[in-house]
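Report on one structure; see the data block that follows.
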Amino acid sequence: IAVASNEWACKNTDTVYVIVNTLPETQIIYTGNDTVCANSVITLSTSGADTYMWSTGETTEEISFVLEESVTIILQGISSASCVASDSIKLSAFVLDSVNFIGLLPAYCQNEEASILIGIPEGGIFSGDGVIDGEFFPNIVEAGDYDITYSYMHIEGCEASRTYTTTVYDAGLEIDLGADQVIYSGENIQLDAGEGFSDYYWSTGSLFRNIVIHYGDYPPGSVIRYVVIGVNNGCTSQGEVNITFADPFGIGENNKSSI
């Protein structure tokens with residue numbers, strides 16, 4: 001109420017009525033811990049206002065989101081009289097240090113030795129076919145691809161893992177060049193390392209699957225050891241045979257039938 005008067009003591013009054021609206025009881029409702037594992041799903045809800053505006057951009061009474069990093073969520077509750085009340089909550093994301101491991105080769109032959117695996121950080125668990133007590137044994141698995149995983153759980157209960165794939169190649173291929181032989185004058189002998197290899201390396205320098213030995217390659221009476229190495233996916237196999245070059249004055253043609 002306002003009262004005004006002049007010099008002659010004349011008075012006049014006026015009245016203004018002010019309506020005070022109650023603020024909406026806006027409160028964020030959350031039942032979880034303030035610190036959670038990164039990538040956890042968080043659900044927040046509220047009540048007490050007519051409309052809502054979350055700092056995430058949503059306007060519903062309940063919101064859900066994936067917490068990737070620490071954040072403060074702000075909520076504004078608005079009544080029908082346009083009165084605004086706010087509430088906020090700070091959520092901390094426990095981000096696990098990068099989990100990794102070393103020691104696993106991208107490929108193995110089945111006859112290779114085991115690899116020692118080292119997890120980072122220490123204290124986790126290795127899993128996968130061929131893994132025993134933190135080592136990968138290629139000789140106990142079949143040829144193929146294998147996923148090896150290192151899992152680590154922090155004291156906060158957050159778990160992270162890292163997986164790598166390795167390939168184990170069959171090292172069971174054998175090279176059989178047959179029994180030792182004698183080559184006589186005028187003869188040729190063909191040695192075949194067999195199929196299944198991408199590369200061949202002979203002691204003669206040849207890079208082919210087959211080689212042909214001629215009697216005149218070495219002096220009569222020579223005994224030559226021929227060796228071949230077959231390579232497939234980095235895995236090697238070896239075969240060998242001894243070839244005797246007949247000496248006409250020793251093992252010669254006269255004795256051919258007795259060899």
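Residue numbers count from 1 along this sequence.
- In this structure, the separation between CD1 on I63 and CG on L44 is 5.0 Å, given to the nearest 0.5 Å.
- Relative orientation of the F136 and Y108 rings is tilted, given thresholds of 30° and 60° on the angle between their planes.
- Around CD1 of I140, the count of heavy atoms belonging to other residues, nucleotides or ligands within 6.0 Å exceeds 12.
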When you look at S151 and S161, which way does the side chain to side chain donor-acceptor pair (under 3.5 Å) test go after all the steps?
CA-CA 4 Å; S151 301; S161 63; 4.7 Å; no

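- Under the 30°/60° scheme for interplanar angles, the aromatic rings of F101 and Y164 are found to stand perpendicular.
- The number of heavy-atom neighbours closer than 6.0 Å to CD of E25, taken from other residues, nucleotides and ligands shown, is 12 or below.
- Side-chain polar atoms of T56 and E58 form a donor-acceptor pair below 3.5 angstrom.
- L105 is connected to F126 through a chain of hydrophobic side-chain contacts under 4.5 Å among Ile, Leu, Val, Met, Phe, Trp and Tyr, so both are in one cluster.
- No side-chain donor-acceptor contact under 3.5 Å links S88 and T72.
- Atom CD of Q190 has more than 12 neighbouring heavy atoms from other residues, nucleotides or ligands inside a 6.0 Å radius.
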Check against side chain to side chain contact (heavy atoms under 4.5 Å, CB included), H214 and V212
CA-CA 6 Å; H214 303 278; V212 177; 3.8 Å; yes

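- Annotation: side chain of L91 is in contact with side chain of F65 (closest heavy-atom distance under 4.5 Å).
- Between K90 and D34, none of the side-chain N atoms (NZ, or NE/NH1/NH2) sits under 4.0 Å from a carboxylate O, so this pair counts as no salt bridge.
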